[in-house]
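Data first, discussion second: the structure below is written as structure tokens.
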Amino acid sequence: WVTDDEHGLEADEEDDHGQFEMLEDAGIEVKDDQRGALMHNKFWIFDGHTVWTGSTNITQNGNFRNNNNVIILQSTRLAGIYAREFEEMWAGEFGPRSTSTLGQQAVTINDTPVQILFSAEDEVVDQLAPIIESAEKSIRIMAFSFTHDVLGAAVLSRADAGVDVMGIFETRGSETEYSELPGLYCAGVPVRQDGNPGTFHHKVFIIDDEIVITGSLNFSNNANDSNDKNVVILANTDIAAQYLAEFERRWAEAKDPDPEDMNCK
């Protein structure tokens, strides 16, 4: 088991925690990243065949209060990709100093192409921006944190080109000068702030009703440059439909931003 130092092993000493102590008492070795940036992955590998991943922290709030998503992928080759990343972290490789194996992180599962990315070593934004810029019909966004200007510019350029763009942002932090929400709102893009009294924790793009980008990556500079995260990119209309259905549910309960908070000029 690999976890974060501050938000993993150190937090384990807080009230209502102690899960890592339980693991260690059972003889399960736990290591942390021993650094200031975040070990922000959320993935499990079972029997060298099944990978469980997404945005969900293994917490009470993550499972029962916050908006999250999980995807379960069954493939020995794909599990091997995640196992290789786990072994790098187990050996002490974290963040931008980790070994990138980007050219070996694509598989096809039942005719569905799947690409895996790991930050910070794979320069994830450089891989995601061209996918967003390739959108021809639609882009849907569900974002806990969206502050990366390159991704924001890619979305805005497609909206300017007539692509149907809609986005939901976690309310907390979405009105700051760093958030991409005000720029999109002021450009006339339909964007809303989430209606969950907890946390809107999704990190999702849905492109042209087919391509799904999901995982643990917040759309921010720190996520791209410093933290340890993983991204799944797949092309499958049936899976995309599931994510679009979640988007519609969350859109219905979300609210329009207050124009006075957007500071449009």
Side-chain angles (χ1 to χ4, degrees), residues 1-4 7-8 19 23 30-33 37-64 66-90 93-95 98 100-102 104-110 112-122 124-125 127-128 131 141-145 199-207 211-220 223-224 227-236 238-244 246-247:
W1 197 289
V2 174
T3 186
D4 189 63
H7 300 284
Q19 288 81 5
L23 294 179
V30 179
K31 293 185 179 182
D32 65 44
D33 62 341
L38 294 177
M39 203 301 293
H40 198 248
N41 281 305
K42 305 97 167 51
F43 68 78
W44 304 53
I45 310 163
F46 298 98
D47 296 332
H49 177 71
T50 301
V51 174
W52 181 109
T53 191
S55 67
T56 307
N57 290 315
I58 313 306
T59 64
Q60 289 287 111
N61 284 339
N63 280 275
F64 300 113
N66 301 338
N67 296 119
N68 276 301
N69 70 95
V70 167
I71 188 164
I72 299 169
L73 302 162
Q74 295 182 323
S75 161
T76 300
R77 286 185 58 204
L78 185 133
I81 293 168
Y82 277 89
R84 185 167 57 232
E85 179 69 7
F86 177 89
E87 293 298 336
E88 289 176 6
M89 292 187 291
W90 193 255
E93 289 190 34
F94 293 96
S98 298
S100 176
T101 58
L102 180 59
Q104 305 171 48
Q105 293 170 193
V107 300
T108 299
I109 306 173
N110 296 333
T112 295
V114 182
Q115 173 76 55
I116 306 300
L117 305 174
F118 298 105
S119 71
E121 63 265 35
D122 289 342
V124 173
V125 166
Q127 318 305 320
L128 296 186
I131 298 173
I141 306 161
M142 297 189 286
F144 168 68
S145 175
T199 297
F200 186 76
H201 201 241
H202 288 304
K203 303 101 166 46
V204 173
F205 279 93
I206 311 156
I207 311 293
I211 297 172
V212 175
I213 300 169
T214 187
S216 68
L217 182 90
N218 292 315
F219 309 123
S220 69
N224 185 62
N227 299 335
D228 284 279
K229 298 170 180 277
N230 72 99
V231 176
V232 177
I233 306 166
L234 56 84
N236 181 297
D238 291 335
I239 295 174
Q242 298 294 320
Y243 281 86
L244 288 168
E246 170 67 357
F247 179 90

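These numbers come from the heavy atoms of this one structure, side chains and all, not from hydrogens, waters or symmetry mates.
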- [ ] Scan N230, N57, T56 and name whichever one has a side-chain hydrogen bond (donor to acceptor under 3.5 Å, both in side chains) with K42.
- [x]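 Only match with K42 under side-chain hydrogen bond (donor to acceptor under 3.5 Å, both in side chains): N57.
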
TODO: Would you mind telling me which of N66, T214, N68 makes a side-chain hydrogen bond (donor to acceptor under 3.5 Å, both in side chains) with S55?
DONE: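 Between S55 and the candidates, side-chain hydrogen bond (donor to acceptor under 3.5 Å, both in side chains) is satisfied uniquely by N68.
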
Side-chain heavy atoms of [X] within contact of [Y], under 4.5 Å:
| X | Y | result |
| --- | --- | --- |
| H201 | N61 | no |
| L234 | I71 | yes |
| F86 | W44 | no |
| Q105 | F118 | yes |
| Q242 | I206 | no |
| L38 | H7 | yes |
| I58 | Q19 | no |
| R84 | Q104 | yes |

Task: Minimum heavy-atom distance D122-S100, with the two atoms named - done: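 Shortest heavy-atom separation between D122 and S100 comes out as OD1-OG, 2.5 Å.
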
Task: For G95 against A120, the heavy-atom pair lying closest together - done: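 Smallest interatomic distance, heavy atoms only, reads C-CB, 4.0 Å.
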
Task: side chain to side chain contact (heavy atoms under 4.5 Å, CB included) between Y82 and W52, intermediate numbers included - done: CA-CA 10 Å; Y82 277 89; W52 181 109; over 6 Å; no

For the [atom1] atom of [X] and the [atom2] atom of [Y], what is their distance to the nearest 0.5 Å?
| X | Y | atom1 | atom2 | result |
| --- | --- | --- | --- | --- |
| Q115 | L102 | CD | CG | 6.0 Å |
| T50 | I45 | OG1 | CD1 | 10.5 Å |
| Q74 | N110 | CD | CG | 9.0 Å |
| F46 | I72 | CZ | CD1 | 8.0 Å |
| N224 | L128 | CG | CG | 8.0 Å |

- [ ] Take M89 and N41, measure what side chain to side chain contact (heavy atoms under 4.5 Å, CB included) needs, and give me the verdict at the end.
- [x] CA-CA 11 Å; M89 292 187 291; N41 281 305; 3.6 Å; yes

- [ ] Go through the structure and list residues passing side-chain contact (heavy atoms from CB on, under 4.5 Å) with N67, not counting sequence neighbours.
- [x]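 For N67, the residues satisfying side-chain contact (heavy atoms from CB on, under 4.5 Å) (neighbours in sequence not counted) are N196, F200, H202, E246, R250, E253.
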
TODO: Could you walk me through whether L217 and K203 pass the side chain to side chain contact (heavy atoms under 4.5 Å, CB included) test, one step at a time?
DONE: CA-CA 6 Å; L217 182 90; K203 303 101 166 46; 5.6 Å; no

Task: Exercise: do T112 and N236 side chains pair donor with acceptor under 3.5 Å - done: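 Result is yes, a qualifying pair exists.
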
Task: Main-chain N/O of A223 paired to S119 side chain as donor or acceptor, under 3.5 Å - done: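 Side chain of S119 to backbone of A223: a pair is present.
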
- [ ] Quick one: do E121 and E85 satisfy side chain to side chain contact (heavy atoms under 4.5 Å, CB included)? Show the steps, please.
- [x] CA-CA 11 Å; E121 63 265 35; E85 179 69 7; 3.0 Å; yes

